[in-house]
Amino acid sequence: MRDMSIQGAAVAAAQPSWPREQPEESGAVLPVGEDQQESELADLLSQEQEEGETLLEMIRSAQEKAKAQREALKLPKNSTRYGDAPLEAYARLARAKSRPEVNAASGYARRRLAQFKTALRTDPDNAARIKAAIRQLQKAVNRGEKKKLELDRERLTELRRKRAAKEELREKEQRLRQELRRRRSQRMIRESGYMREAEISDRLATHLTATQMELRQQAQELAASTSTSLETAVQQYTDAAAPAPAPAEASFSGEA
């Protein structure tokens, strides 16, 4: 009996060693699982960071392009009245009663024409108004040459009328007088039409310039709103992709 009790005590003393060995075996497996989870989490964070950096680079590029576009779409500050030059050229041409006066009016038109061709390169925002003024000034130069021929014909008709009056050819004088009046009235009607044509051309060019300015303003506002929307989207994406460190540490401590 004593031997049996001694053996039972020995078996009982040997049994507690098994539970102590079991945690050691499970403990040996846990560190391997934690390392794997940490590695996967690190890879995930690295991938999200790379995606975030790529998106930020895209946003910066878009912002730079939007800024360049806004600079290009700045409204013109030049308030030069380009349409006044053709009106002045036609007014001088209408007042001209001789070849020297017509040459002076044509000279004014040529000078302004050269100035506007230079302005077309330095003031592209008002290109429509400048081109309209250039067309009218070129017409003024051509019409000046035509008026010199008309003045020559009128002068010749006047000389013929005076000769008929001197020779007392009343019927011929009357006919030449009417022809001279008809020529002059037709020329005056054409010259007044030139003024109206220049005025209408300037109004159309001004309207076209205003429309272009409005479209540029709308494009500028659209570019600014698009840039703001991209910034908001990036911020939302960054906030959503940001890791939550506190819950991750808590889960690790719970497993340990």
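Worth knowing before you read on, the calculation uses all heavy atoms, side chains too, and leaves out hydrogens, waters and symmetry mates.
- When all heavy atoms are compared, the tightest approach of Arg110 to Val141 is NH2-CG1, 3.5 Å.
- No side-chain heavy atom of Arg182 sits under 4.5 Å from any side-chain heavy atom of Gln178.
- Across Arg175, Arg177, Arg170, a single residue satisfies salt bridge (charged side-chain N to carboxylate O under 4.0 Å, His left out) together with Glu173, and that is Arg177.
- Under the salt bridge (charged side-chain N to carboxylate O under 4.0 Å, His left out) rule, Arg143 has a single partner from Glu150, Glu197, Glu191, which is Glu197.
- The two residues Leu120 and Ile134 make their nearest non-hydrogen contact at CD2-CD1, 4.5 Å.
- No more than 12 heavy atoms of other residues, nucleotides or ligands lie within 6.0 Å of CZ in Arg155, so this atom counts as exposed by the packing criterion.
- For the pair Lys148/Asn103, a side-chain contact is recorded, criterion being any heavy-atom separation below 4.5 Å from C-beta on.
- Counted by atom type alone, Tyr90 and Gln136 present one or more donor-acceptor pairs between their side chains at under 3.5 Å.
- Contact annotation: the side chain of Leu151 approaches that of Arg187 to within less than 4.5 Å [non-hydrogen atoms, C-beta and beyond].
- Closest non-hydrogen pair, Leu176 versus Ala164, comes out as CD1-CB, 4.4 Å.
- Taking CG of Leu113 as the reference point, atom NZ of Lys139 lies at 13.5 Å (rounded to 0.5 Å).
- Nearest heavy atoms, Pro86 versus Gly83: CD-O, 3.3 Å.
- Between Ile130 atom CD1 and Lys117 atom NZ the span is 13.0 Å, to the nearest 0.5 Å.
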Stepwise side chain to side chain contact (heavy atoms under 4.5 Å, CB included) check, Glu88 with Arg92: CA-CA 6 Å; Glu88 178 62 23; Arg92 295 188 181 192; 2.9 Å; yes

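- Remark: the backbone N or O of Ala96 is paired with a side-chain donor or acceptor of Lys147 at under 3.5 angstrom.
- Phe116 and Tyr82 have perpendicular rings, their planes meeting at more than 60° on a 0 to 90° scale where under 30° would count as parallel.
- Residue Glu154 forms a salt bridge (charged side-chain N to carboxylate O under 4.0 Å, His left out) with just one option from Arg183, Arg161, Arg184, and that option is Arg184.
- The CG atom of Leu87 lies 7.0 Å from the CG atom of Asp202; values are rounded to the nearest 0.5 Å.
- Minimum heavy-atom separation, Asp84 to Arg81: OD2-NE, 2.8 Å.
- Within a 6.0 Å radius of CZ in Arg190, other residues, nucleotides and ligands contribute more than 12 heavy atoms.
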Stepwise side chain to side chain contact (heavy atoms under 4.5 Å, CB included) test for Ser98 and Val102: CA-CA 6 Å; Ser98 63; Val102 173; over 6 Å; no

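- The two atoms that bring Leu137 and Ala89 nearest to each other are CD2-CB, 4.1 Å, heavy atoms only.
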Intermediate values then yes/no, side chain to side chain donor-acceptor pair (under 3.5 Å), Gln115 and Arg112: CA-CA 5 Å; Gln115 293 174 359; Arg112 300 296 285 170; 2.6 Å; yes

Step by step, work out the salt bridge (Lys or Arg N to Asp or Glu O under 4.0 Å) result for Arg163 and Glu167. CA-CA 6 Å; Arg163 183 181 300 174; Glu167 295 177 356; 5.2 Å; no

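- The OG1 atom of Thr206 sits 4.5 Å away from the CZ atom of Arg129 when rounded to the nearest 0.5 Å.
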